[in-house]
Amino acid sequence: MRVLLTTLNAKYIHVNLALRYLRACCRDLPHTFILDEFTINDHPEHIAAAIYRYRPDLVAFSCYIWNIDPTLAVIQILKTVRPDLPILCGGPEVSFDTAVFLAQNPQVDLVITGEGEIPFRVLMEQLAGRQHLPAGRREELLPASIGRPAAGRFAAGPVPGPATIPGLAWRRGGEIVVNPPAPLPRNLDAIPFPYQEDLDAAGNDFRQRTVYYETSRGCPFACGFCLSSTTEGLRYFSLERVRDDLERLLAAGVREIKFVDRTFNAHKKRALAIWEFLLSRSPRARFYFEIAGDRLDDEMLAFLSQVPPGLFQFEIGVQTIDAGINALCNRRQDWERLAANVRRLREMGNIRLHLDLIAGLPGETYAGVGKSFDAVAALKPHEIQLGFLKLLKGTALRTRSREFGYLFLDRPPYEVMASSTITYEEMLRLHSVETMLRLYGNSHLADHALGYLAATAFGGSCFTLYETLAAWWEARGLLRRGHSQRDLFELLAAFAAGMARPAAPGGPYLEEPDAQREAGHPSPPGAVWPKRFYPLTARQLDRFYQLLKFDFLCRDRSRNFPGWMPPSPLTQEERTNYMAQITAPRSIEKYMPGLAKEAPANLRRHGFIELFPCHPEQPEHDEATLVFFYYGPPGSEARVYYLPRIES
């Protein structure tokens with residue numbers, strides 16, 4: 001029997017761990033398992049054609065909120081050309097309200113709910129016509145009570161005895177039957193290593209992709225918006241098993257491993273043991289962990305200070321800093337401790353930090369989201385994610401949606417549009433803020449200029465800066481267009497120029513000329529300068545442009561300078577003399593040791609020198625600072641060196 005395991009990933013670089021577990025648990029059975037992955041950006045017609053050409057006897061799809069719609073489109077095409085082809089779905093998106101899903105999608109024959117290893121194994125055994133223990137040297141995965149059905153109990157349809165398969169939903173004539181859930185695998189070590197077939201393949205492409213790996217299942221928390229709350233307790237793979245698996249992946253040259261444990265540091269000693277193992281291998285790979293920031297202690301932080309730069313990235317779910325909102329979500333978090341730990345990690349500077357926020361939590365207002373945003377921004381993480389609450393099937397908040405006045409569409413991704421404490425208009429404004437955050441904040445396009453603007457014009461509030469900038473964009477129809485990097489600098493320069501004009505707090509935004517308003521670019525309703533806005537003085541505007549110039553030179557190596565950029569105070573002769581001095585071997589060693597291996601001629605060819613009236617890191621002080629920008633190979637970031645004084 002030819003069984004095709006497939007899914008539509010969000011990106012090509014992702015690999016689906018669930019499908020590989022299923023294949024590994026059945027690798028000893030007399031079936032031919034074919035695993036092929038597509039992306040949500042592929043056309044359903046092309047995906048269906050590729051699947052059809054495999055001539056499968058059964059197709060199993062892994063389903064999530066981000067891929068269920070295109071997955072169903074693919075299934076519809078397959079059922080049109082091969083109505084006899086059994087279709088099996090599994091995954092989080094079909095594991096809840098399963099009977100409704102099957103009723104709404106008659107093209108789907110079977111659904112496996114929950115963790116799929118046990119149900120899929122039993123299903124494949126039935127289709128193979130025998131009972132068989134899973135492959136591997138480890139303990140038995142399946143309970144002894146699950147066996148092959150007795151003779152004469154086989155039902156009509158694609159599966160001989162569907163009623164005996166735990167966790168299976170199936171059709172009996174016009175009736176939909178959802179069997180009792182399968183027991184959760186308690187001994188996770190019994191699940192075979194999922195990537196062996198990939199590593200054995202001649203065309204192994206893991207060096208170009210992100211490998212997903214887990215050391216545990218479950219979560220110590222039960223947050224009302226998260227699917228992890230639907231199962232209780234934590235289960236672990238043994239440390240011996242984890243080390244063995246990671247050794248194989250690292251030996252294969254995997255470039256990125258993303259640990260999908262919901263709270264990697266839930267068990268301190270295990271987390272430290274795994275981190276210590278990874279460091280002992282001096283790996284070239286990068287590792288991503290989702291951690292609880294308030295669960296780090298002094299011992300863990302001391303160890304993390306030794307991690308080589310760029311090796312680890314932490315994703316920390318803040319969601320909100322309001323303890324009352326967290327309580328409504330059944331969420332426990334010590335914000336003060338979390339913030340202190342993030343500050344320490346940021347001071348270390350060796351671990352990339354990604355902090356999450358969620359807009360739309362029960363009881364939280366627009367102002368509350370802004371307060372949480374500013375608190376997180378003050379920690380200066382490398383990336384802030386402003387997400388929007390999704391009422392996922394099976395979660396407590398979905399069950400309580402009426403209690404909190406939620407308005408949401410009952411289709412993926414089930415995103416909240418409004419609640420009793422936040423309006424639809426406010427949620428739209430937050431989406432625009434998220435766009436500004438993505439284009440400017442998380443890209444670090446103009447960190448120095450934006451930081452100065454927030455401090456001088458918006459009372460230190462990054463949120464107020466982004467919401468004001470977003471409204472300015474909306475007034476000009478800019479949110480509906482694409483923009484180049486150069487465009488983003490031009491727009492930020494124009495935004496600041498407008499802020500330097502007289503404007504009373506609470507007054508209207510500066511309108512476009514009448515002709516442009518008539519062309520369809522009116523200011524949005526309620527677009528006013530925020531109460532915390534302080535118009536820029538001429539000196540502040542000039543300092544802003546100097547910082548924007550610095551940010552631009554960090555990004556753009558073209559030497560094609562835009563019109564807003566302040567002219568250089570250096571003459572060509574002065575620049576040539578400075579360049580000769582700083583590219584002398586003694587100066588390189590003293591001021592730019594990171595470029596010691598570069599030939600002086602190469603530094604002169606690919607470098608640029610500029611004099612600024614302030615140090616970019618301390619813009620409030622007048623301190624003339626010479627800056628050398630070195631542009632390496634195309635695609636690499638500029639390397640920046642501050643040169644306060646140069647000796648002859």
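It should be emphasised that the depicted structure is a prediction, and the values quoted were computed from it without experimental measurement.
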query = Would Tyr64 and Ser62 satisfy side chain to side chain donor-acceptor pair (under 3.5 Å), going step by step from the backbone distance to the final call?
reply = CA-CA 7 Å; Tyr64 306 84; Ser62 186; 2.9 Å; yes
task = Decide yes or no on side chain to side chain donor-acceptor pair (under 3.5 Å) for Glu598 and Tyr630, but give the supporting numbers first.
result = CA-CA 10 Å; Glu598 298 287 344; Tyr630 179 68; 3.2 Å; yes
message = With rounding to the nearest 0.5 angstrom, report the CG to CG distance, Leu338 to Leu355.
response = 6.5 Å
message = Centroid separation under 6.0 Å, is that true for the rings of Phe628 and Tyr641?
response = no
task = Answer whether the closest heavy-atom distance between the side chains of Arg332 and Phe221 falls below 4.5 Å.
result = yes
query = Does the pair Arg555/Asp551 count as a salt bridge with the N-to-O cut at 4.0 Å?
reply = no
ask   = Any side-chain heavy-atom pair from Asp487 and Ser484 closer than 4.5 angstrom?
value = yes
request  = Find the distance between CG (Leu5) and CZ (Phe33) and round it off to the nearest 0.5 Å.
outcome  = 6.5 Å
ask   = Looking only at heavy atoms, which two atoms of Arg209 and Ile13 are closest? And how far apart?
value = CB-O, 3.1 Å
ask   = Does Glu347 pair with Arg343 as a salt bridge, N-O distance under 4.0 Å?
value = no
key: Sidechain-backbone polar pair: His444 side chain, Glu383 backbone, donor-acceptor under 3.5 Å   = no
ask   = Is it true that atom CZ of Arg284 has more than 12 heavy atoms of other residues, nucleotides or ligands lying nearer than 6.0 Å?
value = no
ask   = For the side chain of Tyr642 and the backbone of Tyr591, is there at least one donor-acceptor N/O pair under 3.5 Å apart?
value = no
query = What is the distance from atom CZ of Phe373 to atom OH of Tyr466, rounded to the nearest 0.5 Å?
reply = 6.0 Å
Asn602 side chain reached by Arg605 side chain, heavy atoms, under 4.5 Å = yes
query = Do side-chain atoms of His43 reach the backbone of His46 as a donor and acceptor pair under 3.5 angstrom?
reply = no
ask   = Should the pair Glu115-Arg235 be classified as a salt bridge under the 4.0 Å nitrogen-to-oxygen rule?
value = yes
Trace of the side chain to side chain donor-acceptor pair (under 3.5 Å) decision for Glu37 with Asn9 = CA-CA 7 Å; Glu37 297 167 281; Asn9 293 322; 3.1 Å; yes
request  = Answer yes or no: is there a donor N or O on one side and an acceptor on the other, between the side chain of Asp334 and the main chain of Asp294, under 3.5 Å?
outcome  = no
request  = Mark yes or no for whether Thr395, through its side chain, and Leu392, through its backbone, hold a donor-acceptor pair below 3.5 Å.
outcome  = yes
request  = For Thr7 and Asn67, test the side chains for any donor-to-acceptor distance below 3.5 angstrom and give the result as yes or no.
outcome  = yes
ask   = With a cut-off of 6.0 Å (strictly less than), are more than 12 heavy atoms of other residues, nucleotides or ligands near CD of Glu45?
value = yes
key: Non-hydrogen atoms of Thr6 and Asp36 that approach each other most closely   = OG1-O, 2.7 Å
request  = May I ask you to decide if Arg241's main-chain N or O and Ser238's side chain share a donor-acceptor pair within less than 3.5 Å?
outcome  = yes
Flag, side chain of Thr583 to backbone of Leu603, donor-acceptor distance under 3.5 Å = no
key: Intermediate values then yes/no, side-chain contact (heavy atoms from CB on, under 4.5 Å), Asp200 and Gln196   = CA-CA 6 Å; Asp200 291 342; Gln196 193 57 53; 2.9 Å; yes
ask   = Around Lys268, counting heavy atoms of other residues, nucleotides and ligands shown, do more than 12 lie under 6.0 Å from its NZ?
value = yes
task = Consider only side-chain N and O atoms of Tyr288 and Glu315, and report whether a donor and an acceptor are under 3.5 Å apart.
result = no
query = Can you find a pair of side-chain heavy atoms, one from Leu296 and one from Leu304, that are under 4.5 Å apart?
reply = yes
inquiry  = Does any part of the side chain of Lys390, heavy atoms only, come nearer than 4.5 Å to the side chain of Phe225, both counted from C-beta?
reply    = no
ask   = Would you say the ring centroid of His448 lies under 6.0 angstrom from that of Phe550?
value = yes
inquiry  = Just so I know, are the side chains of Val369 and Leu357 near enough to count as touching, which here means a heavy-atom distance under 4.5 Å?
reply    = no
query = Are Arg121 and Asp28 ion-paired here, with the side-chain N under 4.0 Å from a carboxylate O?
reply = yes
key: Flag side-chain contact, heavy atom, 4.5 Å: Phe38 against Ile51   = yes
task = Kindly indicate, with the supporting measurements, whether the criterion side-chain contact (heavy atoms from CB on, under 4.5 Å) is fulfilled by Val260 and Tyr213.
result = CA-CA 6 Å; Val260 295; Tyr213 182 77; over 6 Å; no
inquiry  = Please check: side-chain N/O of Arg639 versus main-chain N/O of Gly594, any donor-acceptor pairing under 3.5 Å?
reply    = yes
remark   = On a heavy-atom basis, the closest approach of Asn341 and Gly293 is ND2-O, 2.8 Å
message = Nearest 0.5 Å, please: how far is CZ in Phe629 from CG in Leu553?
response = 4.5 Å
ask   = Heavy-atom distance under 4.5 Å between the side chains of Asp42 and Leu8, does that happen here?
value = no
message = Run the ring pair (Phe, Tyr, Trp, His ring centres under 6.0 Å) test on Trp275 and Phe314 for me, step by step, so that the C-alpha distance in whole Å, both residues' side-chain angles and the decisive distance to 0.1 Å come before the verdict.
response = CA-CA 12 Å; Trp275 287 338; Phe314 286 167; 5.7 Å; yes
inquiry  = Less than 6.0 angstrom from the centroid, inside 45 degrees of the normal: does Arg248 satisfy that with respect to the ring of Phe193?
reply    = yes
request  = Please name the pair of heavy atoms, one in Asn330 and one in Ala222, separated by the smallest distance, quoted to 0.1 Å.
outcome  = ND2-O, 3.1 Å
request  = Dump the intermediate steps for side-chain contact (heavy atoms from CB on, under 4.5 Å) on Tyr440 and Asp447, then the final yes or no.
outcome  = CA-CA 8 Å; Tyr440 286 107; Asp447 281 353; over 6 Å; no
Gap separating the CG atom of Leu595 from the NE2 atom of His606, nearest 0.5 angstrom = 12.0 Å
task = Work out which heavy atom in Arg20 is nearest to a heavy atom in Asp198; give both atom names and the distance.
result = NE-OD2, 2.9 Å
key: Audit row: His354, Glu290, side chain to side chain donor-acceptor pair (under 3.5 Å) steps and yes/no   = CA-CA 9 Å; His354 170 117; Glu290 186 172 340; over 6 Å; no
note = Looking only at heavy atoms, the pair that brings Lys393 and Glu93 closest together is NZ-OE2, 3.5 Å
Distance, nearest 0.5 Å, that separates CD1 of Ile316 from CG of Leu353 = 5.5 Å
ask   = In terms of side-chain heavy atoms, does Asp261 have a donor or acceptor partner in Thr215 at a distance below 3.5 Å?
value = yes
key: Residue that, paired with Phe312, satisfies ring-ring contact (aromatic ring centres under 6.0 Å, His included) out of Phe289, Phe259, Phe264   = Phe289
ask   = Would you say His382 has more than 12 foreign heavy atoms packed within less than 6.0 Å of its NE2?
value = yes
ask   = Under 3.5 Å, is there a donor-acceptor pair between the side chain of Arg2 and the main chain of Tyr54?
value = yes
message = Within 45 degrees of the ring normal and closer than 6.0 Å to the centroid, is that where the cationic atom of Arg217 sits relative to Tyr21?
response = yes
task = Would you tell me whether Tyr631 and Glu637 have side-chain atoms, one donor and one acceptor, within less than 3.5 Å of each other?
result = no
message = Please check: side-chain N/O of Thr39 versus main-chain N/O of Asn41, any donor-acceptor pairing under 3.5 Å?
response = yes
